2 protein chains.
Amino acid sequence: MPTPKKHPESKTIPEPVASRLPNYLRSFVGFEREGRSTVSSQDLAEATGIRADQVRKDLASFGSFGQRGIGYDVKKLDGTMREILGLNRAWRMALVGVGHLGMSLLQYGGFAKAGFRIEAAFDQDPSKIGWELEGVKIWPVQSLRQVVRDKQLEIGIVAVPSSRAQAVADALVDAGVKAVLNFAPCLITAPNSVLVRGVDLSSELEHLTYFLGKSKK
Amino acid sequence: MPTPKKHPESKTIPEPVASRLPNYLRSFVGFEREGRSTVSSQDLAEATGIRADQVRKDLASFGSFGQRGIGYDVKKLDGTMREILGLNRAWRMALVGVGHLGMSLLQYGGFAKAGFRIEAAFDQDPSKIGWELEGVKIWPVQSLRQVVRDKQLEIGIVAVPSSRAQAVADALVDAGVKAVLNFAPCLITAPNSVLVRGVDLSSELEHLTYFLGKSKK
DNA sequence: TTCTGTGAATTTATTCACAGCA
DNA sequence: TGCTGTGAATAAATTCACAGAA
């Protein structure tokens, strides 16, 4: 799903660069584990699959972190990127829909590490209400507005079927979230003041088959 | 995760257009349900969040399907796009990792509809082996090569932790898949003849917080 | 009219090539 | 020598604007 985004739109960092930042970030844990304090653009290229030229252009677009002949200071880069991506603080999230997808998000380790905290989960199924999974309590969807408001959650994750996605998104927006991450395979809309981003599994597969179809012929 | 792709690389359709195709495709089911046989670029814009100009440019890039003053024939467009995306046939897939994420993929309705069939699933956990979920049998990972080869599966889905992702991908490649969809938050590599695409949930969130951070200040 | 298709203009991103610092 | 930072060249994608078919 595309991000039909329009928003404050940074003047500072080009969109494509911003979307590559998470890749660099992820490669750092490996470098740090290896005890490396500096890395070259070449090293980053190998770790991320992004060309070395591009790496340098990207990093140069928000400052001069490298030392010629040496490379980049991993720690410093890591800190700067986290700041740019807004990861130097915790984000409070609401998860709506505790099916298997929702469950996998609850137990997904990567979130907590990056400061993403699911503070409350919601579901329609009465048999799930009240349970606590991975330390997160499950509430009835009816109480979504109330709970999200009370807990001041900022990001909403939509993990319900398409048919209910827009309604859930509306409720989240109404409750004051500033961004919505949508896993349902449909477009959802929200006021301009709220960011919406979609992740669509089918689209990813279709993208693959597009290339497969071509190479096949 | 970016797609460190390199491959046959179509000369026909620009990459960004191809990645928007799934969105158009998805909007068609709504139009067909409403009984509409033709739609304007404006209609498509509203349904997909893509600008009307862009819609026309996109569609024009692979043929003339519209009638001036009328619009586009939904059925015809649908058929053509499916063909372009390689959806006019079934794709046989292997799922590796039957945790919650794997489960959500197994039961995800969108796949079957688009011709994506998970023909076999694999897991390490002995207690899961032999079960059949959503009509799909679960095999031990040790038998991956054998089963994937025997069943001639073409696409592998990696839904295991990062630490095992590359090994699983290697086994899939060795067993003959032509493409790998990776859900682990790490880069995996494969020979050029095999397509790799990554889907990273954390990256999506980080992308959101990047914008949130900016609009905030 | 309505609505497409497309050339031309513009903006944006990638790639190249190399000057310059450690 | 090794590796960054960047200006210039190229390539690509988006936006605009309008001619022309139904």
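In what follows, chains carry the letters A, B, and so on, assigned in the order in which the sequence lines appear, proteins first and then strands, with residues in each chain numbered from 1. Worth saying up front: this structure is predicted, and the values here are computed from it rather than measured.
If you check every strand for non-hydrogen atoms under 4.0 Å, A:Gly66 touches sugar and phosphate atoms only.
Interface remark: the B:Arg68 side chain does form a donor-acceptor pair with the D:dG20 base, using a distance-only criterion of under 3.5 Å.
Looking at heavy atoms from C-beta onward, B:Arg20 lies out of side-chain contact with B:Leu25 at the 4.5 angstrom threshold. A heavy-atom distance below 4.5 Å is not found between the side chains of A:Ser37 and A:Val74.
Protein atom OH of B:Tyr24 is 12 Å distant from nucleotide atom P of C:dT4, rounded to whole Å. Counting to the nearest Å, the C1' atom of D:dT4 and the CD atom of A:Gln54 are 15 Å from each other. Atoms CZ (B:Arg51) and C1' (C:dT10) sit 13 Å apart, rounded to a whole Å. Atom CZ in A:Phe65 sits about 9 Å away from atom P in D:dG5, given to the nearest Å. Here D:dG2 presents its P atom at 13 Å from CD of A:Gln42, a figure rounded to the nearest Å. The distance from atom CZ of A:Phe62 to atom C1' of D:dG5 is 13 Å, rounded to the nearest whole Å. Protein atom CG of B:Asp58 is 14 Å distant from nucleotide atom P of C:dT6, rounded to whole Å. As rounded to whole Å, 12 Å separates atom P of C:dT6 from atom CG of B:Leu59.
Listed nucleotides D:dG20, C:dA13, C:dG7 differ in distance to B:Lys57; the shortest reach to its side chain belongs to C:dG7. The nucleotide whose nearest atom lies closest to any side-chain atom of B:Glu15 is, among D:dA13, C:dT15, D:dG5, D:dA13. Candidate nucleotides C:dC3, D:dA13, D:dT4 were compared by shortest atom distance to the side chain of A:Ser40, and D:dT4 ranks first. Of the listed nucleotides (D:dA13, D:dT15, C:dC16), C:dC16 has the atom at the smallest distance from the side chain of A:Asp53. Comparing C:dC16, C:dC3, C:dA13 against the side chain of A:Pro14 picks out C:dA13 as the nearest.
A:Arg51 places no side-chain N or O within 3.5 Å of a backbone atom of A:Asp53 that could act as its donor or acceptor partner. A side-chain donor-acceptor contact under 3.5 Å links B:Trp91 to the backbone of B:Gly86. Not one N or O on the side chain of A:Glu119 forms a donor-acceptor pair closer than 3.5 Å with the backbone of A:Lys151. A donor-acceptor pair is defined here as one N or O able to donate and one able to accept, closer than 3.5 Å; no such pair exists between the side chain of A:Glu204 and the backbone of B:Val199. B:Arg26 places no side-chain N or O within 3.5 Å of a backbone atom of A:Leu187 that could act as its donor or acceptor partner.
Within residues 71-86 of chain A, the residues approaching DNA chain D are A:Gly71, A:Tyr72, by heavy-atom distance under 4.0 Å.
When the nearest nucleotides of DNA chain D are assigned to A:Ala60 and B:Pro16 by heavy-atom distance, the more 5′-ward of the two goes with A:Ala60.
Close to C:dC3, at under 4.0 Å from its OP1 or OP2, lies no side-chain N or O of B:Ser41. A sub-4.0 Å separation between OP1 or OP2 of C:dT15 and a side-chain N or O of A:Arg56 is absent. For A:Gln67 and D:dC3, the shortest distance from a side-chain N or O to OP1 or OP2 is not below 4.0 Å.
A:Asp58 and A:Tyr24 are linked by a side-chain donor-acceptor pair at a separation below 3.5 angstrom, with hydrogens and angles left out of the test.
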